[in-house]
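Note that ligands are numbered from 1 as they come in the structure, with each ligand's atoms numbered from 1 the same way.
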Amino acid sequence: MLLQKWAHDSAAWEALVDGDQEQVIGRRKSDSVELDDKPSDSHLASTDQDTLGKIFRRNMPFGTVTDHGTMFVGFCARQEPLQKMLESMAGLDDGSRDALTRYTRAVTGAYYFVPSTDSLRALVSPEE
Ligand code: HEM
């Protein structure tokens, strides 16, 4: 599991018109449909699951009016897709960083191992 705290520059984000926000994310805002001609530095292009591998996300917003952002929670049975996505977002693959990182920045981050329920059950002895 990859857990990262991201602090948003909401003023900069809100200053963008909808069309520019859509270019940053790579999806249409009104109906969430993926843009056919999304920029290569859009968030969707930077985290393309068809090329980098599938992950499961459970993001949570946090904070106050003045200091806030997203707790990114990403699960994957293998670490590699998450790592590749981070490298792609940083521009290590093609030199262009994810446009989203112009409006938010990671302030903490760590990988955690989440054992399966089957393996946890196997640790419990029948007497307990
Ligand atoms: C502040 C941090 C982040 C924000 C606000 C954010 C926001 C978003 C948004 C709005 C979407 C499009 C809607 C959707 O498809 O659900 C999206 C898609 C996605 N994000 Fe993020 N994201 C963040 C960080 C990350 C990170 C760190 C990763 C991976 C390490 C990641 C991986 C993905 C993936 C895999 C998708 C789906 C791409 C696809 O359609 O295949 N995101 N994110």
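- For residues 97-116, no pair satisfies salt bridge (Lys or Arg N to Asp or Glu O under 4.0 Å), with sequence neighbours left out.
- Note on Val24 and Leu44: same hydrophobic cluster, where clusters join Ile, Leu, Val, Met, Phe, Trp and Tyr whose side-chain heavy atoms are under 4.5 Å apart, directly or indirectly.
- Counting only residues at least two apart or on different chains, the salt bridge (Lys or Arg N to Asp or Glu O under 4.0 Å) pairs with a member in residues 10-28 are Asp18-Lys29, Arg28-Asp31.
- Excluding waters, the protein N/O/S atoms found under 2.8 Å from atom 21 (Fe) of ligand 1 are His43 NE2.
- At least one donor-acceptor pair under 3.5 Å links the side chain of Thr104 to the backbone N or O of Ala7.
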Do any side-chain atoms of residues 56-63 form donor-acceptor pairs under 3.5 angstrom with protein atoms, and if so which ones, sequence neighbours left out?
| from | atom 1 | to | atom 2 | distance (Å) |
| --- | --- | --- | --- | --- |
| Asn59 | OD1 | Val73 | N | 3.3 |

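- Among the atoms of Glu34, none of the N or O lies under 3.5 angstrom from an N or O of ligand 1.
- Among all non-hydrogen protein atoms, the one lying nearest atom 12 (C) of ligand 1 is Leu44 CD1, 3.7 Å.
- Of the protein's non-hydrogen atoms, Arg27 NE, 3.7 Å is the one closest to atom 13 (C) of ligand 1.
- Residue Met85 holds its CE atom at 12.0 Å from CG of Asp93, rounded to the nearest 0.5 Å.
- Atoms of ligand 1 found under 4.0 Å from any heavy atom of Gln4 (numbered from 1 in listed order, with element): 27 (C).
- For ligand 1, none of its N or O atoms has an N or O atom of Thr70 under 3.5 Å away.
- Against a heavy-atom cut-off of under 4.0 Å, His8 is close to the following atoms of ligand 1: 1 (C).
- Contact check for Ile25 versus Leu35: no side-chain heavy atoms found under the 4.5 Å cut-off.
- Side chain of Thr47 to main chain of His43: a donor-acceptor pair is present (N/O by atom type, distance under 3.5 Å, no hydrogens or angles).
- Contact annotation: the side chain of Phe72 never approaches that of Leu3 to less than 4.5 Å [non-hydrogen atoms, C-beta and beyond].
- When only non-hydrogen protein atoms are considered, atom 39 (C) of ligand 1 lies nearest to Gln49 NE2, 3.7 Å.
- For ligand 1 and Met85, the ligand atoms under 4.0 Å from any heavy atom of the residue are 29 (C), 30 (C), 35 (C).
- Closest to atom 10 (C) of ligand 1 among all protein heavy atoms lies Ile25 CD1, 3.9 Å.
- Side-chain atoms of Ser88 come within 3.5 Å of backbone N or O of Ser46 as a donor-acceptor pair.
- Interface atoms of ligand 1 facing Thr104, defined by a heavy-atom separation under 4.0 Å, are 1 (C).
- Ser10 approaches His68 most closely through the heavy-atom pair OG-NE2, 2.6 Å.
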